[in-house]
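Structure record follows, encoded as structure tokens.
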Amino acid sequence: MDPSSDAGPDHTPWPPAVAARYRASGHWRGQTFGALLTSLAEAHTDRTAVVGERAGATARWTFTELDERAHRIAAGLVELGVRAGDRVVVQLPNVPEFLPAVFGLWRVGAWPVFALPAHRDSELRHFAEQSGAVAVLTVGEHERHDHAATARAVAAGVRSVRHVLVVGSAEFDDLAATAPRELPDPDPAGVAFLQLSGGSTGLPKLIPRTHDDYLYSVRESARICALRPDSVYLAALPVAHNYPLSSPGVLGALHAGATTVLAPRPDADTAFRLIEAEGVTITGVVPPLAAAWVQAAARTSRDLSSLEVLLVGGAKCGRELAERIGPALGCRLQQVFGMAEGLVCYTRLDDPDELVLTTQGRPISPDDEIRVVDPDNPAAASTDEVPAGEVGALLTRGPYTIRGYYRAAGHNATAFTADGFYRTGDLVRRTPTGHLEVVGRAKEQINRGGEKVAAEEVENHLMAHPGVLDAAVVAVPDEYLGERTCAYVVPVAGAAPTAPELRRFVRERGVAAFKVPDLVQVVEAFPVTGVGKTSKRELRVALAALAKEG
Ligand code: OOB
């Protein structure tokens, strides 16, 4: 895609008067992530900052060591020619090097573009092209995939990419051994990194987050989740995702002077082993994983008694599951409802049980503005609010919610209201206490147990098949994942693509495995009567209703 096709400014800052207000109220403190790490190293010196495994070895780094490693990597990046404002696609699983590498980039003022380990060629190429990345930072073989080879293929196809850096390689070891040097601190109000949107139209959008805004959400998350220097946070999910990164995540843990333990995999065996060995006090999972842990806890011989809090979010945690968590795992449930675009809601640790079991929490900040508006009007204004307590579409604006995606002026015109509210696409009800209950979704997205699939992105892959005339991807209910994907496909006349062939076709186009349709129904025409030739949106709604009936 030609990034210049979506003309307009690269990113949309907060209006100056609003930014001044966020500074005056102390939300934005003018501190960068690099400066934060320096002060953490001064305060917590030889306390353990990070524990992680790679290539069969366990690393255990103090705050001082983490700080020093980040300094060396920053210097190595500068010697390589990486400059402030450069973008670097980072595709790292939960390896210890994630932290010094990302803080190294932050010290340089370069922007990590956070890909997930599941992403493949087509997605990485899109991130590199859309951001104009100068480098890709990845690992070698991980979970039977050669990430270095994928990164090299991306570099060969995207002109801006000059370097592929592979953690564990001799080149990376050299870079990480560079003598530290003084570097100017980047602008705290400037962009620190690009996160990925779950997406609903086409390919994932890039989300520009600043040092100021993100650090505010990290600081408050650490406080709301009661992180202390003697807390131990387990990053069970892939750490580049906004949830384990900052809600409260590894950054919240570091901020509190606590220890972060990186789980190489999120399964109960791995997580329980680490909880016992490291005395983990708090971790965060998606609902299907919470369900798996609850089941496994009944049979485990591991000692989980150190666990105080289990955060559950990323997708709706139903009441039934919510009720089983405390008794099964011997900890307090904390629900979290967040989004990479900004807004994060938590149930509070001292909330009444009923709210913890039935809501997805309330916003971090008193300055998070919430509007619940007409759900039937995709262009509803922030003033089109539904009566108190009724279901509506959630709009939000605030000190850590973006005002626009990166290089996406066209999309921004519909994704945000004229007065700067982000249209989350979530349907919610608000309680008198200000807690939100997520009851559904208006966006064209499938939430596959926390992993987000944009219907249109998968449809476009399917329609690239020569035998496919049209495709519509919808969510179908799933006992374990909550939802999974079903693709309805109309073949071109005379063609007869099969479901396995189409699934393989999508996979081989180089997409994350979670985007390959779980079910494919090849149909003569879309089996929807009375819909006529309507928008894809209406078609999806009708198909989803049909799929739900079974
Ligand atoms: C988190 O971030 P994203 O960007 O992957 O996805 C955001 C979307 C929300 O708009 C909503 O549709 C859904 O994920 N979601 C939930 C939820 N938490 C997220 N839907 C129902 N209940 C929940 N508790 O998923 C994310 C980011 C930070 C913290 C936690 C999750």
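All residue numbers in this chain count up from 1 along the given sequence. Read the numbers this way: they start at 1 and go in the same order the structure lists the ligands and their atoms. Note that this is a predicted model, so its numbers are computed, not measured.
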request  = Answer with yes or no after comparing the ring centroid distance for His211 and Phe33 against a 6.0 Å cut-off, counting only values under it.
outcome  = yes

Counting only heavy atoms closer than 4.0 Å, does ligand 1 sit against the backbone of [X], its side chain, both, or neither?
X      : result
Val312 : neither
Met339 : both
Ser246 : neither
Lys443 : side chain

Could you tell me the residue and atom name of the protein heavy atom closest to [atom], and the distance to it rounded to 0.1 Å?
atom                    : result
atom 18 (N) of ligand 1 : Gly314 N, 3.0 Å
atom 25 (O) of ligand 1 : Lys452 NZ, 2.9 Å
atom 21 (C) of ligand 1 : Lys316 N, 3.3 Å
atom 7 (C) of ligand 1  : Gly338 O, 3.3 Å
atom 9 (C) of ligand 1  : Asp426 OD2, 3.3 Å
atom 24 (N) of ligand 1 : Val336 O, 2.8 Å
atom 4 (O) of ligand 1  : Ala340 N, 3.0 Å

ask   = Applying the salt bridge (charged side-chain N to carboxylate O under 4.0 Å, His left out) test to Glu437, which of Arg429, Arg430, Arg362 qualifies?
value = Arg429

ask   = With respect to Arg484, which candidate in Asp518, Asp478, Asn447 satisfies the side-chain hydrogen bond (donor to acceptor under 3.5 Å, both in side chains) definition?
value = Asp478

inquiry  = Does either side chain, that of Tyr233 or that of Thr259, offer a donor lying less than 3.5 Å from an acceptor on the other one?
reply    = no

inquiry  = Under 3.5 Å, is there a donor on one side chain and an acceptor on the other for Asp351 and His435?
reply    = yes

inquiry  = List ligand 1 atoms under 4.0 Å from Gly313, heavy atoms only on the residue side.
reply    =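 Answer for ligand 1: 24 (N).
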
query = Does ligand 1 have an atom under 4.0 Å from some heavy atom of Glu451?
reply = no

query = Taking the non-hydrogen atoms of Gln360, is any one of them nearer than 4.0 angstrom to ligand 1?
reply = yes

inquiry  = Can you confirm, on distance only, whether ligand 1 has an N/O atom lying under 3.5 Å from any N/O atom belonging to Glu341?
reply    = no

key: Audit row: Gln91, His147, side chain to side chain donor-acceptor pair (under 3.5 Å) steps and yes/no   = CA-CA 8 Å; Gln91 187 185 38; His147 287 268; 3.0 Å; yes

Going by the angle between their ring planes, with limits at 30° and 60°, are [X] and [Y] parallel, tilted or perpendicular?
X      : Y      : result
His411 : Tyr405 : tilted
Trp14  : Tyr22  : perpendicular
Tyr422 : Phe416 : tilted

